[in-house]
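Whatever order the structure lists them in is the order used to number ligands and atoms, beginning at 1. Keep in mind that the numbers below use all heavy atoms, side chains included, and drop hydrogens, waters and symmetry copies. As the structure is a prediction and not an experimental result, all values here were calculated from the model.
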Amino acid sequence: MVLEALGSPLQLEELPNPAAGPEQALIRVLACGVCRTDLHIADGELLDPKLPLVLGHQIVGVVESGGGRFDVGERVGVPWLGWACGVCRYCRSDRENLCVDARFTGYHLDGGYAELAVADERFCVPVPEAYEDVRAAPLLCAGLIGYRSLRLAGDAERLGLYGFGASAHIVLQVARHQRRRVFAFTRPGDDSAQELARSLGAEWVGGSDEEPPEELDAAIIFAPVGSLVPQALRVSAKGATIVCAGIHMSDIPSFPYELLWEERVLRSVANLTRRDGEEFMALAPSVPVRTEVEVYPLEEANAALDRLRAGDVRGAAVLSVAS
Ligand SMILES: [Zn+2]
Ligand SMILES: [Zn+2]
């Protein structure tokens with residue numbers, strides 16, 4: 001499925017088979033997760049995507065040929081960080097997620113809304129055996145970047161999650177495993193998301209316009225809604241950290257300094273490092289994280305994106321690619 005022009009639906013097309021270069025693997029795609037970032041790219045909210053472009057950065061597939069890191073036939077995952085330079089000041093200081101020349105899968109590089117994909121082996125991750133293909137796919141961005149956001153939220157005991165979609169439903173399980181108390185905020189009146197949050201162990205569930213029963217020690221904002229920033233600060237305890245986990249957000253309205261005062265921290269989380277990937281893929285089966293998925297055939301990618309845009313997906317949307 002190909003994005004030919006920004007703002008237009010994906011087109012079903014027959015493409016030539018991609019060729020793998022040195023250190024790249026040719027991968028037969030089994031499943032690919034659908035992420036809100038895919039919508040931001042397709043809608044033209046992120047600068048300079050490759051066009052035409054194959055979206056998709058949560059690829060689970062098997063190696064057809066490669067440079068030797070993985071065996072032929074081995075199942076691998078391809079995440080968002082597709083390539084980093086290794087020599088810039090960010091790469092050299094263990095922050096390859098901020099690499100000045102980073103290339104991202106399904107943005108600068110063709111991704112996994114396809115039958116075949118090519119990926120740099122050094123940036124692929126092993127996929128835990130316990131997971132079916134479609135259930136493993138959301139681990140690769142929703143899980144991974146959610147995990148990085150949780151880590152950067154610090155050791156908060158009372159954790160708020162704003163926007164209860166693919167990422168939050170995974171982070172909630174990891175947070176409960178770490179014995180944190182979770183307060184889940186959904187779109188007002190979203191009964192299905194609220195019920196899912198409760199079933200996964202949220203102590204309190206409400207609309208994003210509601211006040212939690214206690215102050216929060218940290219909050220992660222997954223929804224691309226800037227007005228949630230002052231809202232989360234308003235219900236946070238002294239010293240709390242508010243993490244914005246999305247790649248794009250509507251403008252943050254101005255707010256009085258007293259909301260930030262008392263050592264509250266406001267920060268974003270960008271992308272992932274290979275170490276995040278390895279750590280999280282090892283952690284997920286030990287929690288164990290269970291992913292709730294809505295599965296669509298590859299040709300119905302537009303329908304999956306539309307449901308995500310409307311906020312109707314329960315858990316994560318995943319494309320299943322028939323072999
Ligand atoms: Zn770099
Ligand atoms: Zn993503």
2.8 Å cut-off (strict), protein N, O or S atoms about the Zn ion (ligand 2) = 3
Give me the other members of the hydrophobic cluster that Val318 sits in, counting Ile, Leu, Val, Met, Phe, Trp and Tyr linked by side-chain heavy atoms under 4.5 Å, directly or via other members.
-> Val134, Val293, Val295
Protein-derived N, O or S atoms sitting under 2.8 Å away from the Zn ion (ligand 1) total 4
Heavy-atom side-chain proximity of Arg69 to Val63 below 4.5 angstrom = no
Is there side-chain contact between Leu159 and Ile220, with heavy atoms separated by less than 4.5 Å?
-> yes
When the ring planes of Tyr162 and Phe185 are compared, do they come out parallel, tilted or perpendicular, using 30° and 60° as the limits?
-> parallel
Dump the intermediate steps for ring-ring contact (aromatic ring centres under 6.0 Å, His included) on Trp80 and Phe123, then the final yes or no.
-> CA-CA 9 Å; Trp80 170 243; Phe123 293 85; over 10 Å; no
Salt bridge (charged side-chain N to carboxylate O under 4.0 Å, His left out) involving Asp110 - partner list, sequence neighbours excluded | Lys50
Return yes if a side-chain donor-acceptor contact under 3.5 Å exists between Arg95 and Ser93, otherwise no.
-> yes
Flag for His57-Asp38: side-chain donor and acceptor within less than 3.5 Å = yes
How are the rings of Tyr257 and Trp261 set to each other: parallel, tilted or perpendicular (split at 30° and 60°)?
-> tilted
